[in-house]
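Notes for the one structure printed next.
When a ligand or atom number is given, it counts from 1 through the structure's own listing order. Every heavy atom of this structure was used, including side-chain atoms; hydrogens, water molecules and symmetry mates were not. This structure is a prediction, so every number in the text was calculated from the model and none was measured.
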Amino acid sequence: MTSHLKIGLFGFGCVGQGLYDILNHNDYLTAEVVKICIKHPQKPRSLSKEFFTTQKQDILQNPEINLVVELIDNAEEAFEIVAEALKNGKNVVTANKKMLAEHLPELVAIQQEYGTSLLYEASACGSIPIIRTLEEYYNNELLFSVKGIFNGSSNYILTKVIQENQTYENALLKAQELGFAETDPTLDVGGFDPKYKLCILALHAYGIFAKPEEVFNYGIQSLSEQDLKFAKEKGYKIKLIAQSQKIQENQVALLVMPQFVDASHPLYHTENEFNGVIVEAAFSQRQTFIGKGAGGHPTGSAVLSDISALLYGYRYEYKKLHNATRKVSNTSKVLLEVYVRYQTQEDFELFDFEEITEKYNGNFNGENSNYVIGKISLENLLEIKPELLKRNIFIVNTGKDLVFFSKEKIEKMELTEI
Ligand code: HSE
């Protein structure tokens, strides 16, 4: 690998500028940005005009540039840039979680075929070095679980709403102003962004190519005062948790949804734009990683770390994916315990509860407002997801371990399928 990196940068938004800033304050690396490809040339920029181009080929076909850093918003355009750069013999660093989650199988194959390296530590949990940790450190045992707060914006909003009594709308605006939120903040508050990150981590933790559309994500948009009151009375906070949990010997369940956490939970005090990742395994047991999950400098620092790793020729080996003896897959055949706040009987009937432990019918601020706590299957949640957001319903995981379907349930399902 060359000892001098000449970088072609795509995108000069929050993270792009953060990276430029960090590179300028760094004496350790011999890396310089030689060209920046942007979409809007009329926008005022902090650098002189010669740095910028609107033509992606000015970077992709430039023989002087030996590293492409992709930090744009649009996932499909990003995929085209990244794939072409890798095929042109250039190593690439990206932070685009949606693009990665949707294209990991192709990107792994391209790297293998063309011998180039794609690194993306900044795509998951900002400044927390979780991808390389999963890839290099936890490569000997099947992890029990990898879970946590993977989205800075929604954690920021929940902190402001729960701790500081701010309105949801104000907190979201502030998260946008601070550069934490995605251009379309539904990706944050709807749990899509943490789902993409979960899919990326699932590859490095378990060797699974999880398809984002097959993973359940449910966000915080429908959080109401009644839910906050319920949580407060029980001493809980609500956090948006992405989780992967080993279910059977070779099966893992993946999901993203709000969860009640009590004061003993390792992420109870993880607030604002901080992220936290908990890794559990048989021998290392529980380890928790906490750090800033959003913002130009924290995310830029992860990009910088990838750039510096490329200087010594680092590449992901996808060790779990290529493990011949253990093939892991994801399953939705699990039960989880949830709190569901709902308004009408019709809302309640949407859910196929296996077991109910608590049911409350009443009203809140003069409106019908009920809740139920019970066990439901992840399959059922996936099935009814399109309906959920249309109704005045809020679902929270109570935080108990996921449980694989009983043998009897599986047998019964197989009989019905015949
Ligand atoms: N919108 C993302 C977040 C940015 O809030 O976590 C970092 O990936």
| query | Does NZ or CZ of K237 fall inside the cone over Y268's six-membered ring, less than 6.0 Å from its centre and within 45° of the axis? | reply | yes
| Does NZ or CZ of R45 come closer than 6.0 Å to the centre of the six-membered ring of F52, within 45° of the ring's axis? | yes
Ignoring angles and geometry beyond distance, decide whether [X] reaches within less than 3.5 Å of ligand 1 through its nitrogen or oxygen atoms.
| X | answer |
| --- | --- |
| G152 | yes |
| K97 | yes |
| F180 | yes |

Any idea which atoms of ligand 1 are less than 4.0 Å away from a heavy-atom of [X]?
| X | value |
| --- | --- |
| E182 | 1 (N), 2 (C), 4 (C) |
| G293 | 6 (O), 7 (C) |
| D188 | 1 (N), 2 (C), 3 (C), 5 (O) |

Less than 4.0 angstrom from a charged side-chain N to a carboxylate O is my criterion; do [X] and [Y] meet it?
| X | Y | value |
| --- | --- | --- |
| K390 | E387 | yes |
| D262 | K234 | no |
| K229 | E225 | no |
| E214 | K195 | no |
| E84 | K90 | no |

| request: Using a 4.0 Å heavy-atom threshold (strictly under), name the region of K197 that reaches ligand 1: side chain, backbone, both or neither. | output: side chain
| Would N151 count as a contact of ligand 1 if the rule is a heavy atom under 4.0 Å away? | yes
| field | Nearest-neighbour protein heavy atom for atom 5 (O) of ligand 1, which is reported as residue plus atom name and distance | value | S153 OG, 2.6 Å
